[in-house]
Amino acid sequence: MAPGREPSTGQPTGPDTDERAYAAMIASARALLPQLRERAARTEELRHLPPETERDLHDAGLFRMLQPKRIGGAELDYVALIDCAGLLGQADASVAWNLANLASHHWMLGMFEPKAQDLVWSKDPDTLIASSFIFPAGRATKVEGGYRLHGSWPFSSGVASCAWNMLASIVSSDDEADGIEYRIFLLPKSDYKILDTWNVAGLRGTGSCDVEVRDAFVPDHMTVAVGDLAGGRTPGSKVNPNPLYALPVFSLFPYVLSGVALGNAQACLDDYVEVVRHRISTYNRAKLSDFQSTQVKIAEASAKIDAARLIMRSACADAMEDARHGRNPGMAIKTRYRRDGAFSVNLCTDAVSMLFAASGARGLFTTGVLQRQFRDAHAINSHLAFNFDAAGTNYGRVALGLPSENLTL
């Protein structure tokens, strides 16, 4: 066991959480690690999750960790995304990425109008929902009974396996005085086209292809305004009263996926320690474990990973506590969540980069996992939610009394 802590399940997850169900979910995720490691190379080759991996995730109930109990979901606390993705990320970051992404959409659907929830879940409560929350990629126009939507969205992870898609768009208006409205649209697979564009260096197995919509009609009840997801009651609150469904969605957006970076970094550290514990230098036959530089790098990498874990889990716990007490966090807290989400993932990326450099030429071989961990770490870090310049600038603006520039908060 390498220095650094495994994802903690001993910390309280909240009074509304069934602790036994939570522990069982973590145990189910942990049991999948050996086969996910064995399939990692094939997952990269396919550029999407193997069918048997998706079946394993379904059978373990992991996709439904945040789904309402009334539908048969687990309705766990939000921190479950960190812990489950953190575990699966130790085997394969692509699997963890798709699991966290798709599980979070069950949580978000719980905030839509009950009619939308019933339409999706009554057919199949296990159905998967993809997304792309890039608002400028789409344009919607209000019409009688709903909206007309068109656009082309990138990065829709796991879309080939999904029957539905949540697509973000700007709603156009003839009157500029109305301001900009951001809205999310829930479409069936028949209303969009998947474009096979996912040829990338990292997170290769996520199948994050583009989707295209041409003038689709979306009924009112299949949409939700971003302003309704800013914290507090939502259109779905009448059937899903758990505080989980009152969290500010886009303030906590980084924590949907930050656990993937955490697990990937922990695996990189574990592997590095295991190798250098027994490795002899090629040039002078010295034991690498005796080098002070090796010892310091292990200490620094593990400190970054442990700090990242504490930051991620604390943000989720604080948000749940506020929701339980009916408190909607102000803009200062919301921008802090975004700041800390980006910062914690940057810590994980730094740890992986340091260990990759310390591994020398060994890390270059494509037969090893280190090069994949390095590529995946930087692919994760490239997500806009983890851009510290953007998150840090907005936090600084609000701290200085200026308005937030993030319109989703």
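All residue numbers in this chain count up from 1 along the given sequence.
- A salt bridge links Arg277 with Glu274: at least one charged nitrogen is closer than 4.0 Å to a carboxylate oxygen.
- A 4.5 Å side-chain heavy-atom check between Leu347 and Ile305 finds every atom pair outside the cut-off.
- With respect to the salt-bridge test (charged N to carboxylate O, under 4.0 angstrom), the residues Arg233 and Asp228 do not qualify.
- Remark: the backbone N or O of Glu321 is paired with a side-chain donor or acceptor of His325 at under 3.5 angstrom.
- Using a 4.5 Å cut-off on side-chain heavy atoms (C-beta onward), Leu167 and Ile184 make no contact.
- Asn406 and Ser404 share no side-chain donor-acceptor pair at under 3.5 Å.
- Glu212 and Ser152 share no donor-acceptor pair across their side chains, judged by distance under 3.5 Å alone.
- Two residues are said to be in side-chain contact when any heavy atoms from C-beta on lie closer than 4.5 Å; Val159 and Tyr192 meet this criterion.
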*asked:* Would Trp121 and His106 count as a side chain to side chain donor-acceptor pair (under 3.5 Å) here? Give the steps.
replied: CA-CA 9 Å; Trp121 285 328; His106 280 303; 3.1 Å; yes
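- Between Asp118 and Lys115, no side-chain nitrogen of the basic residue sits less than 4.0 Å from a carboxylate oxygen of the acidic one, so the salt-bridge criterion is not met.
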*Test log, rule side chain to side chain contact (heavy atoms under 4.5 Å, CB included), inputs Cys84 and Met25*: CA-CA 8 Å; Cys84 288; Met25 189 74 74; 4.0 Å; yes
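- A donor-acceptor pair under 3.5 Å is absent between the side-chain atoms of Arg339 and the main chain of Lys334, judged by distance alone.
- With hydrogens and angles disregarded, no donor-acceptor distance shorter than 3.5 Å links the side chain of Thr335 to the backbone of Asn394.
- Between Ile71 and Arg64 there is a side-chain heavy-atom pair separated by less than 4.5 Å.
- Across Phe253, Trp107, Tyr255, a single residue satisfies ring pair (Phe, Tyr, Trp, His ring centres under 6.0 Å) together with Tyr78, and that is Trp107.
- Sorted by first and then second residue, the pairs that involve residues 138-160 and meet ring pair (Phe, Tyr, Trp, His ring centres under 6.0 Å), not counting sequence neighbours, are Tyr147-Phe185.
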_Criterion side chain to side chain donor-acceptor pair (under 3.5 Å) on Arg39 and Thr53, from CA distance to verdict_ = CA-CA 8 Å; Arg39 295 175 192 153; Thr53 293; 3.0 Å; yes
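- The shortest distance between side-chain heavy atoms of Pro50 and Thr43 falls below 4.5 Å.
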*Check the pair Met331 / Tyr395 against side chain to side chain contact (heavy atoms under 4.5 Å, CB included), numbers first and verdict last.*
CA-CA 9 Å; Met331 191 58 68; Tyr395 175 84; over 6 Å; no
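- The neighbour count for Phe343 CZ, taken as heavy atoms of other residues, nucleotides or ligands under 6.0 Å away, does not exceed 12.
- Counting non-hydrogen atoms of neighbouring residues, nucleotides and ligands closer than 6.0 angstrom, the CZ atom of Arg327 exceeds 12 such neighbours.
- Of the possible polar contacts, none joining the Arg313 side chain to the Arg309 backbone as a donor-acceptor pair under 3.5 Å is found.
- The pair Arg37-Asp92 does not meet the salt-bridge criterion, since no charged nitrogen lies less than 4.0 angstrom from a carboxylate oxygen.
- When every heavy atom of Leu99 is checked against every heavy atom of Met65, the shortest pair comes out as CD1-CE, 3.4 Å.
- Contact of the Met111 side chain with the Leu229 side chain is registered, since non-hydrogen atoms from C-beta on lie closer than 4.5 Å.
- Between Gly205 and Asn98, the shortest heavy-atom distance links the atoms O-ND2, 4.3 Å.
- Gln117 places a side-chain N or O within 3.5 Å of a backbone atom of Phe112 that can act as its donor or acceptor partner.
- Under the 3.5 Å distance criterion, with hydrogens and angles disregarded, a donor-acceptor pair is assigned to the side chains of Asp210 and Thr197.
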*Mind running ring-ring contact (aromatic ring centres under 6.0 Å, His included) on Phe63 and His58 for me, showing each step along the way?*
CA-CA 6 Å; Phe63 284 124; His58 275 298; 4.7 Å; yes
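- There is no side-chain donor-acceptor pair under 3.5 Å between His48 and Trp198.
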*Give the intermediate values and the outcome of side chain to side chain donor-acceptor pair (under 3.5 Å) for residues Tyr337 and Asp318.*
CA-CA 10 Å; Tyr337 286 152; Asp318 289 348; 5.3 Å; no
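- Contact of the Tyr245 side chain with the Asn242 side chain is registered, since non-hydrogen atoms from C-beta on lie closer than 4.5 Å.
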Listed pairs under 3.5 Å, donor-acceptor, residues 217-225 side chains, sequence neighbours left out:
from: Asp220; atom 1: OD1; to: Lys142; atom 2: NZ; distance (Å): 3.2
from: Thr223; atom 1: OG1; to: Arg183; atom 2: NH1; distance (Å): 2.8
from: Thr223; atom 1: OG1; to: Asp220; atom 2: O; distance (Å): 3.0

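- Rounded to the nearest 0.5 Å, atoms CD (Gln373) and CG (Asp376) are 8.0 Å apart.
- The CG atom of Leu36 sits 9.0 Å away from the CG atom of Leu49 when rounded to the nearest 0.5 Å.
- Under the 3.5 Å distance criterion, with hydrogens and angles disregarded, a donor-acceptor pair is assigned to the side chains of Asn240 and Arg70.
- Taking all atoms of both residues into account, the shortest heavy-atom contact from Ile194 to Lys189 is CD1-CE, 4.0 Å.
- Using modelled atom types, one finds a donor on one side chain and an acceptor on the other under 3.5 Å when comparing Asn346 with Asn381.
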_Steps toward side chain to side chain contact (heavy atoms under 4.5 Å, CB included) verdict (Glu75, Gln67)_ = CA-CA 5 Å; Glu75 204 170 291; Gln67 188 184 46; over 6 Å; no
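- Using modelled atom types, no side-chain atom of Thr393 and backbone atom of Ala390 make a donor-acceptor pair closer than 3.5 Å.
- In this structure, Glu44 pairs ionically with Arg375, as a charged nitrogen and a carboxylate oxygen lie closer than 4.0 Å.
- Put simply, CD1 on Ile333 and CG on Leu409 are 12.5 Å apart, with the number rounded to the nearest 0.5 Å.
- Comment: Asp196 engages Arg47 in a salt bridge, judged by a side-chain N to carboxylate O separation of less than 4.0 angstrom.
- Of the possible polar contacts, none joining the Thr127 side chain to the Asp124 backbone as a donor-acceptor pair under 3.5 Å is found.
- Judged by distance alone, the side chain of Arg324 and the main-chain N or O of Ala319 form no donor-acceptor pair under 3.5 Å.
- The side-chain heavy atoms of Leu102 and Leu57, taken from C-beta on, include no pair separated by under 4.5 Å.
- Across all non-hydrogen atoms, the minimal contact from Val352 to Ala265 is CG2-CA, 3.6 Å.
- The main-chain N or O of Ser208 is never found under 3.5 Å from a side-chain atom of Ser156 such that the two would form a donor-acceptor pair.
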_Tyr22 and Val79: CA distance, side-chain angles, deciding distance, side chain to side chain contact (heavy atoms under 4.5 Å, CB included) verdict_ = CA-CA 10 Å; Tyr22 195 90; Val79 74; 3.3 Å; yes
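- Between Pro248 and Pro329, the shortest heavy-atom contact is CG-CG, 4.0 Å.
- Nearest heavy-atom pair, Leu203 versus Thr206, reported as atom, atom and distance to 0.1 Å: O-OG1, 2.9 Å.
- Using modelled atom types and a 3.5 Å distance limit, the side chains of Asn165 and Ser131 yield no donor-acceptor pair.
- In this structure, Met320 CE and Leu76 CG are separated by 10.0 Å, a value rounded to the nearest 0.5 Å.
- Here the side chain of Asn101 pairs no donor or acceptor atom with the backbone of Ser157 at under 3.5 angstrom.
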